[in-house]
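For reference, the structure discussed in these notes is given below.
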Amino acid sequence: MRVAVTGGAGYIGSVVTEVLLREGHQVLVIDDLSKGHRDAVEPGAEFAALDLIDSSGVAAALSRFEADAVVHMAAQSLVGESLTDPSKYYRHNVSGGLSLLDAMRAADVRRLVFSSTAAVYGEPATLPIHEMDDTLPANTYGETKLAFERALAWYAVAYGVSSISLRYFNAAGATARHGEEHDPETHLIPLVLRVADGRQPYITVFGEDYPTPDGTCVRDYVHVEDLARAHVLALAALETPGQCSAYNLGCGGRGYSVRQVIDAATRVTGRSIAVRVAPRRPGDPAVLVASSERIRRELGWEPRYRGLDGIIGSAWAWMQRRARERRIA
């Protein structure tokens, strides 16, 4: 299959591209490099430096590449920023997404896998979260992702665009080639590993008085390569014109606490990790975990990384390799 990956120069997108190429697909990466890295684009992939708002340019790139399908990863994704600058998030995540859909129509591409988020659910009434639970986003980021999902349903009816949306919380870990490198970095695991590596003095734990076993928040963590394989499985499942569905991707419904992440990082790295406790952040639920039973049953997805140590170990190995490469360079 010939697949265009938007945001393919980013963390998850680069791994999706890596897995697609490994499985024999041809890939076009579309990325404006506002957050991605040019050196993260897989050597075997074609590359087009384009903003999704440029619908005619994207349509031309899809046509030249003769794309069969699109995996849409490109997005603005900082929850806090989405609350202070909603315009940016509607412009990129909704307007940019609609421009992509119109480019796909112009290029006669009718299959899309969308990298969505479990933030579409907001604060859940029951746990673990299932696909049929209410979608009540608590921030602009989740709202814009949900808005695009809703657009996909209508594009399926009107234009025969088939789509699968994948909802997940925290991608983590690394492959031998690609890892997490954001600026600014806001994700827990890379921040904890920066402390272990001596790049920052401590990790801040926001609240230790939650109604959880150790008092810290519990979240889903799924290895980035497991997420990438789910995107590839979803592509293969897009067989019926006009289908539109969504699947959760979770770590089995149990999740891991902030303290468990820190303890696992201490074991994996063999280094002490200093902790500073701060008050809770507004809007942080105690527990957020998703059920992935539906995608296991219908698409046969099974995560290969089932524990924190393996996920964190892969991220630590990539971080150390990256540091060595920079020293040599």
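Every value quoted in this text rests on a predicted model; they were computed, and no experiment measured them.
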Heavy-atom closest pair, residues Ala174 and Gly179 = CB-CA, 3.7 Å
Verify side-chain contact (heavy atoms from CB on, under 4.5 Å) between Val71 and Leu235, making sure each step is shown before the conclusion.
-> CA-CA 8 Å; Val71 176; Leu235 276 174; 3.8 Å; yes
Is a salt bridge present between Glu18 and Arg22, judged by a nitrogen-to-oxygen distance below 4.0 Å?
-> yes
Ignoring hydrogens and angles, tell me if any N or O in the side chain of His25 forms a donor-acceptor pair with the backbone of Met1 under 3.5 Å.
-> yes
Check step by step if side-chain contact (heavy atoms from CB on, under 4.5 Å) holds for Phe169 and Ile129.
-> CA-CA 11 Å; Phe169 283 112; Ile129 303 167; 4.0 Å; yes
Just how far is it from atom CD of Glu46 to atom OG1 of Thr17, taken to the nearest 0.5 Å?
-> 12.0 Å
With distance as the sole criterion, is a donor-acceptor pair present between the side chains of Arg2 and Gln26 under 3.5 Å?
-> yes
Go through the steps for Glu180 and Met319 under the test side-chain contact (heavy atoms from CB on, under 4.5 Å), then give the verdict.
-> CA-CA 8 Å; Glu180 196 164 5; Met319 182 181 287; over 6 Å; no
Between Tyr90 and Thr140, is any side-chain donor less than 3.5 angstrom from a side-chain acceptor?
-> no
Just checking, is any N or O donor in the side chain of Ser115 or His72 under 3.5 Å from an acceptor N or O on the other one?
-> no
When you check the gap from the basic side-chain N to the acidic O, do Arg271 and Asp197 get nearer than 4.0 Å?
-> yes
Heavy atoms of Ala171 and Ile12 approach each other most closely as CB-CD1, 3.6 Å
Where is the tightest heavy-atom contact between Asn93 and Thr144, given as atom of each residue plus distance?
-> ND2-OG1, 3.1 Å
Given side chains that start at C-beta, do those of Val3 and Val232 come closer than 4.5 Å, heavy atoms only?
-> no
Look at the side chain of Thr6 and the backbone N and O of Met73, then say whether any donor-acceptor pair between them is shorter than 3.5 Å.
-> yes
Given side chains that start at C-beta, do those of Thr212 and Ser257 come closer than 4.5 Å, heavy atoms only?
-> no
Side-chain contact test, heavy atoms from C-beta onward, threshold under 4.5 Å: evaluate it for Ile312 versus Tyr221 and give yes or no.
-> no
Tell me, please, whether Tyr159 has Arg110 positioned over its six-membered ring: NZ or CZ under 6.0 Å from the ring centre and within 45 degrees of its axis?
-> no
Under 3.5 Å donor-acceptor, Ser14 side chain and His178 backbone = no
Do Tyr141 and Glu81 meet the criterion of a side-chain donor-acceptor pair at a distance under 3.5 Å?
-> no
Do you know which two heavy atoms are closest between Ala74 and Leu52, and how far apart they sit?
-> CB-CD1, 4.0 Å
Ion pair Glu225/Arg304, N-O distance below 4.0 Å = no
Side-chain (Ser292) to main-chain (Leu249) donor-acceptor, under 3.5 angstrom | no
Taking His37 for its side chain and Leu33 for its backbone only, find out whether a donor-acceptor pair lies under 3.5 Å.
-> no
Establish, from distance only, whether the side-chain atoms of Tyr168 and Asp226 form a donor-acceptor pair under 3.5 Å.
-> no
Flag the pair Phe114 / Val70 as yes when at least one side-chain heavy-atom distance between them is below 4.5 Å, and no otherwise.
-> no
Sidechain-backbone polar pair: Glu66 side chain, Leu62 backbone, donor-acceptor under 3.5 Å | no
Would you sort out whether Glu208 and Arg259 count as a side-chain contact (heavy atoms from CB on, under 4.5 Å), showing the intermediate values?
-> CA-CA 9 Å; Glu208 56 177 0; Arg259 285 285 184 186; 3.5 Å; yes
Any salt bridge between Arg177 and Glu42, counting N to O under 4.0 Å?
-> yes
Heavy-atom donor-acceptor pair, Glu149 side chain to Ser165 backbone, under 3.5 Å = no
Mind listing the closest non-hydrogen atom pair of Val195 and Pro201 along with its distance?
-> CG1-O, 3.9 Å
Is a donor on one side and an acceptor on the other found under 3.5 Å between the side chain of Tyr89 and the backbone of Lys145?
-> no
Any side-chain heavy atom of Asp220 sitting closer than 4.5 Å to one from Leu288?
-> no
Would you say the side chains of Arg167 and Tyr121 form a donor-acceptor pair under 3.5 Å?
-> yes
pair Tyr202-Thr204: side-chain heavy atoms closer than 4.5 Å | yes
Can you tell me if Ser55 uses its side chain to pair, donor with acceptor, with the backbone of Asp102 under 3.5 Å?
-> no
Arg219 vs Asp284 side-chain heavy atoms within contact, under 4.5 Å = yes
Donor-acceptor pair, side chain of Asp51 and main chain of Asp32, under 3.5 angstrom = no
Do you know the tightest heavy-atom contact between Val120 and Gly142?
-> CG1-O, 3.8 Å
Would you check if Asn248 and Ile295 make a side-chain contact, meaning some heavy-atom pair closer than 4.5 Å?
-> no
